[in-house]
Amino acid sequence: MSLDGAVEMREDPPAGNGNGNGAVTVAPPTGRPSYGNRRLRLNPNTEHKPERYDDLEAELDPSIFRSLERHLPPSMLEAPRDSKVQFMKEIIARYLSDGERTRVQRHKEYRQKIMSAYQPLHKELYNVHPTTFFVPSFVKAINENTEESFRNIMSEPSPKVYTFAMLQPTFCELLLDEVENFERWVDAVKFKIMRPNTMNKYGAVLDDFGLEAMLNKLMEEFICPISKVFFPEVGGSTLDSHHGFVVEYGKDKDVELGFHVDDSEVTLNICLGKQFSGGELFFRGVRCDKHVNSETQPEEIFDYSHVPGQAVLHRGRHRHGARATTSGHRINLLLWCRRSKSMLQQLTDDKELLCCRMYFFSMAVCSECFLKLAGNLFPLFSIPDKASIITL
Ligand SMILES: O=C(O)CCC(=O)C(=O)O
Ligand SMILES: [Fe+2]
């Protein structure tokens, strides 16, 4: 599974215009301090503020450690950081395939190469400055932090699709400038750039050239409060990692974007400019994996025209695409916001583990099926007996 993979699918023709706490038992390694019960919590401790692991010389992204820390047994939460790291590395080592390990390592080296050589143009973009980044109505709504204050600035033109004015024009200009500067640098040093996801030939990952911390703060302090209210069903208040990038459409760029779902719980899509025509987003309803290609209902059809500075917030699994940008140049900022449940899922390609987790989250798997699967998963989860499963 790709960390950054959008899932493409066929567009549905009727659409109209064309297109419990389970646990992991890990035996305490000899010679190291014991922290009592060393079982991972199945459900993350959302009250716990994880440490930062940005300085870690590990092959994995620091966000994985941050996410996993919330699953640590209570007895370990206050342990020294090194012990937590060691413990988490041991767990991860069991479940990461060699292919995934290599991919993650390469990506880490790729980022290090950029960060050691790229000179940012607008340093003020690299930390969140609410009053220069955001329009006053958005700042006010976030400061008030109530459902009413959010609803005052938002429209919901179709169920679970929210639009609102968010970015200041000067911020958009500076960010566009920074992206151009990065792309010029990439050209000049003949660096092979990684594109945002499997569906784009153009665009750039903002996290790769230093904007990760800023975007993380933007997600935690400005998007989580909103998604807590509007997307509680996908853990809107516990979004804890992201993939931040820009997409570019127009002549000599990508033209359109096929029908897909995002690899995110919640997606923030903001138009940065410049002048363009076309490029409308089309939405066709939220679907789970199993029903991603099912028919669209008339009430699910919604088309949206991008306006610079304006944000669209939607479920990652809300099926959508973007029509051709017919003239000019359109650049959008995308923040795929994820929560640790899916980060944990990414530690393994083991579909059975996913089923097991889904069972715990009361989604899909029957108890017979779960018992069979759980047998394979030992020792990742301690297996409750059947009676306790049924009451889960
Ligand atoms: O071009 C757009 O506005 C849509 C982009 C998008 O959906 C994505 O990158 O996931
Ligand atoms: Fe998307």
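Read the numbers this way: they start at 1 and go in the same order the structure lists the ligands and their atoms. Only heavy atoms go into these numbers, but all of them, side chains included; no hydrogens, no water, no symmetry mates.
- Salt bridge Arg284/Asp303: present, at least one basic N to carboxylate O contact under 4.0 Å.
- Looking only at protein heavy atoms, the nearest one to atom 7 (O) of ligand 1 is His320 NE2, 3.0 Å.
- Ring planes of Phe171 and Phe133: tilted class, angle from 30 to 60°.
- Summary: OD1 is the N/O/S atom of Asp262 found nearest to the Fe ion (ligand 2).
- Taking a 4.0 Å cut-off on heavy atoms, Arg330 registers as neighbouring ligand 1.
- Contact atoms of ligand 1 toward Phe245: 9 (O) (distance under 4.0 Å to a heavy atom of the residue).
- Ion pairing between a basic and an acidic side chain is recognised when a charged N comes within 4.0 Å of a carboxylate O; Arg317 and Asp262 show no such pairing.
- Using cut-offs of 30° and 60° on the angle between ring planes, the pair Phe245 and Trp336 is perpendicular.
- At a 4.0 Å heavy-atom cut-off, ligand 1 does not touch Met199 at all.
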Verdict with supporting geometry, His243 and Asp263, side chain to side chain donor-acceptor pair (under 3.5 Å): CA-CA 9 Å; His243 178 49; Asp263 185 6; over 6 Å; no

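- Taking the charged nitrogens against the carboxylate oxygens, Glu69 and Lys49 have no contact shorter than 4.0 Å, which rules out a salt bridge.
- Using cut-offs of 30° and 60° on the angle between ring planes, the pair Phe230 and Tyr162 is tilted.
- Close approach of ligand 1 to Asn332 (heavy-atom distance below 4.0 Å) involves ligand atoms 3 (O).
- Applying the 4.0 Å criterion to heavy atoms of Ala322 picks out, from ligand 1, the atoms 1 (O), 2 (C).
- The cationic atom of Arg319 (NZ for Lys, CZ for Arg) does not lie both less than 6.0 Å from the six-membered ring centre of Phe259 and within 45° of the ring axis.
- Using a 4.0 Å cut-off between charged side-chain N and carboxylate O, Lys274 and Glu180 make a salt bridge.
- With a heavy-atom cut-off of 4.0 Å, Asn269 touches ligand 1 through its side chain alone.
- Below 4.0 Å from some heavy atom of Trp336 lie the following atoms of ligand 1, by number and element: 10 (O).
- Not one N or O of Asn200 is nearer than 3.5 Å to an N or O of ligand 1, by distance alone.
- Set against the non-hydrogen atoms of Asp262, the atoms of ligand 1 under 4.0 Å away are 10 (O).
- Residue-level proximity to ligand 1 for Leu281 is carried by the side chain, the only part with a heavy atom below 4.0 angstrom.
- The single protein non-hydrogen atom nearest to atom 5 (C) of ligand 1 is Leu257 CD2, 3.4 Å, given as residue, atom name and distance.
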